[in-house]
2 protein chains.
Amino acid sequence: MEDIVRRTTTDAVYEKLHDEIVSLEILPGTKLSETEVARRFGVSRQPVRNAFTRLGTDELLVIRPQKATEVRGFSMERIELARLVRMAVELEVVNRAIQVWDATREAKLAENLALQEQAVRDGDLPAFHALDYDFHKLIYVLGGHPLAFEVMLECKQKVDRLCLLSLEKGSEAEAILAEHREIAAGMASGRLEQAQSSMRKHLSRLDETIAFIHETHPNYFE
Amino acid sequence: MEDIVRRTTTDAVYEKLHDEIVSLEILPGTKLSETEVARRFGVSRQPVRNAFTRLGTDELLVIRPQKATEVRGFSMERIELARLVRMAVELEVVNRAIQVWDATREAKLAENLALQEQAVRDGDLPAFHALDYDFHKLIYVLGGHPLAFEVMLECKQKVDRLCLLSLEKGSEAEAILAEHREIAAGMASGRLEQAQSSMRKHLSRLDETIAFIHETHPNYFE
DNA sequence: ATAAGGAGACTAGTATCCAAGTTTTGTCAA
DNA sequence: TTGACAAAACTTGGATACTAGTCTCCTTAT
């Protein structure tokens, strides 16, 4: 009794446009026409419309009646909001995770940390990024709140689109790994205060990057 | 140069349906047909479709191709997620608010508390509920994060729809007021720990109600 | 030269038709 | 009575024609 969900044309258009926007292939301020996009994808206007409204609720497009819809620019307010929510959720999940932390969970996190170390030694940045992702996800999963990870991801993605503007592929991997260790240590020792402040410091890492982008690319902001 | 946003038919249908669903006039599991709703509102199917997709992203409707769209039931997972996110955001906002707290802000919160006290004395529950709302909002606004209030509201509404099933119009106003005072005291004294734990206790108030509803109305859950 | 005005080329919203899949229903046979 | 099976009556998704508002640019008059 599978619950196979048919993939609609709308889905396809949505996903492609979403990718193009968050990867900055389509820059903020770009005007998108329904008929134009429909032609490009070889579909009718209807699925494009559906995709547009979805992207609108994602805050990626600005849609106004009888006006050209365009790719939404960044706004410092929304970026800060997304960062606040992510910060809040991560801190609370750390809190909940600590309540149920045990040797098994600690071992799993330690295993991930070991792999991170390996990746840093090998200078394998892609692997490290994947492990970075897993590290954060592990805290959610082991803490018993996997769904919250999705919420956090949504926030993260909004900031990621912005940070693509700064090309520093920061080989700060060592520093990041050190912070991960600090967080893990806080959780292992059951020190909520320490674990949370480590996480807070870790998540604040992007502060300067964002401020820098705000100065260097003011035209992409509303 | 006003930015008047034209109200579309889609908006009207969306708002009406939204109200009917969150107020439980339309119960979970109810099947909604596009043509049916279109007839009822005297409009064509298209705006109804638009409204449906919006309600789908609100997680109020389950839409599957070629199958009847129905009002989504509750799921304990989603309820708990909404509560976690709200809890997380409220705690973080309290944190940020404390950083900037001063006599002026304290006075404004105190003014609200005085009005709450008045409402309780008068037994004016509607007024008290409005002031309750304002109390929480004040912390966001005074703390400098008004947008985060909207995020919290979204979470709250998901839980509110559930809690409508329990008719206890709790005249626990006094208890709530006491908790509000505790939170305000924590903020005024700058004791983050105390303010947050007060807020945590305050938001946990619904725990039993939700568990109770989960037991008494299992048919409304997925 | 400049400003007002109008035509036309855009825009998105709505209505309606058709396609494709699901569910219900009713008939007929065992 | 009950089962199978076919047909009809649903469902939503997609395509397209039409409506109505907005913007741009060119003409025309001052």
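The shown structure was predicted, so the numbers you read here are calculated from the model rather than taken from an experiment. Reminder, nothing fancy here: chain letters follow the sequence lines and each chain counts from 1.
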Test of understanding: with ring-ring contact (aromatic ring centres under 6.0 Å, His included), list the residues that count as partners of B/Phe128, not counting sequence neighbours.
none
Strand contacts (DNA chain C) in residues 40-62 of chain A, 4.0 angstrom heavy-atom criterion:
A/Arg45, A/Arg49
Could you pull out all residues at least two apart from B/Glu92 that satisfy salt bridge (Lys or Arg N to Asp or Glu O under 4.0 Å)?
A/Arg200, B/Arg96
Check the distance between D/dA9's P and B/Glu34's CD and give it to me in whole angstrom.
20 Å
With a 4.0 Å limit, can you tell me whether B/Thr9 has a side-chain N or O closer than that to the phosphate oxygens OP1/OP2 of C/dG13?
no
Hey, does the side chain of A/Thr10 come within less than 4.0 Å of D/dG13's phosphate (OP1/OP2), counting only N and O?
no
Considering only heavy atoms and no angle criterion, is a donor-acceptor pair shorter than 3.5 Å present between the side chain of A/Gln66 and the base of D/dT22?
no
Show which side-chain atoms of residues 211-222 of chain B pair as donor or acceptor with protein atoms under 3.5 Å away, not counting sequence neighbours.
unit_1	atom_1	unit_2	atom_2	d
B/Thr216	OG1	B/Phe212	O	3.0
B/Thr216	OG1	B/Ile213	O	3.4

Return each pair, listed once, that meets salt bridge (Lys or Arg N to Asp or Glu O under 4.0 Å) where at least one residue sits in residues 82-91 of chain A; pairs must be two or more places apart or across chains.
A/Arg83-A/Asp207, A/Arg86-A/Glu90
State plainly whether the residues A/Arg54 and A/Asp11 are in salt-bridge range, i.e. N to O under 4.0 Å.
yes
Are B/Thr8 and C/dA12 close enough that a side-chain N or O sits under 4.0 Å from OP1 or OP2?
no
How many whole angstroms separate atom CD1 of A/Ile63 from atom P of D/dT22?
17 Å
It should be established whether A/Lys67 places a side-chain nitrogen or oxygen under 4.0 Å from OP1 or OP2 of nucleotide D/dC23.
yes
In terms of side-chain geometry, is the basic nitrogen of A/Arg161 or A/Glu20 positioned less than 4.0 Å from the acidic oxygen of its partner?
no
Residue-phosphate contact under 4.0 Å: B/Thr69 side-chain N/O, D/dT11 OP1/OP2:
no
Mind checking ring-ring contact (aromatic ring centres under 6.0 Å, His included) for B/His145 and listing every partner two or more places apart, or none if nothing turns up?
none
Atom CD of B/Glu70 and atom C1' of D/dT12: how far apart are they, to the nearest Å?
14 Å
Protein N or O to nucleotides 5-9 of chain C N or O, pairs below 3.5 Å:
none

Within this structure, what is the CD-to-P distance between B/Glu36 and D/dT11, rounded to whole angstrom?
8 Å
Who are the ring-ring contact (aromatic ring centres under 6.0 Å, His included) partners of A/Phe52, not counting sequence neighbours?
none
Whole angstrom is fine here: how far is it from CZ in A/Arg64 over to C1' in D/dG21?
13 Å
Distance test, side-chain N/O of A/Ser33 to OP1/OP2 of C/dT11, below 4.0 Å:
yes
If you look only at pairs with a residue in residues 140-157 of chain B, which of them pass as a salt bridge (Lys or Arg N to Asp or Glu O under 4.0 Å), with sequence neighbours excluded?
B/Lys156-B/Asp160
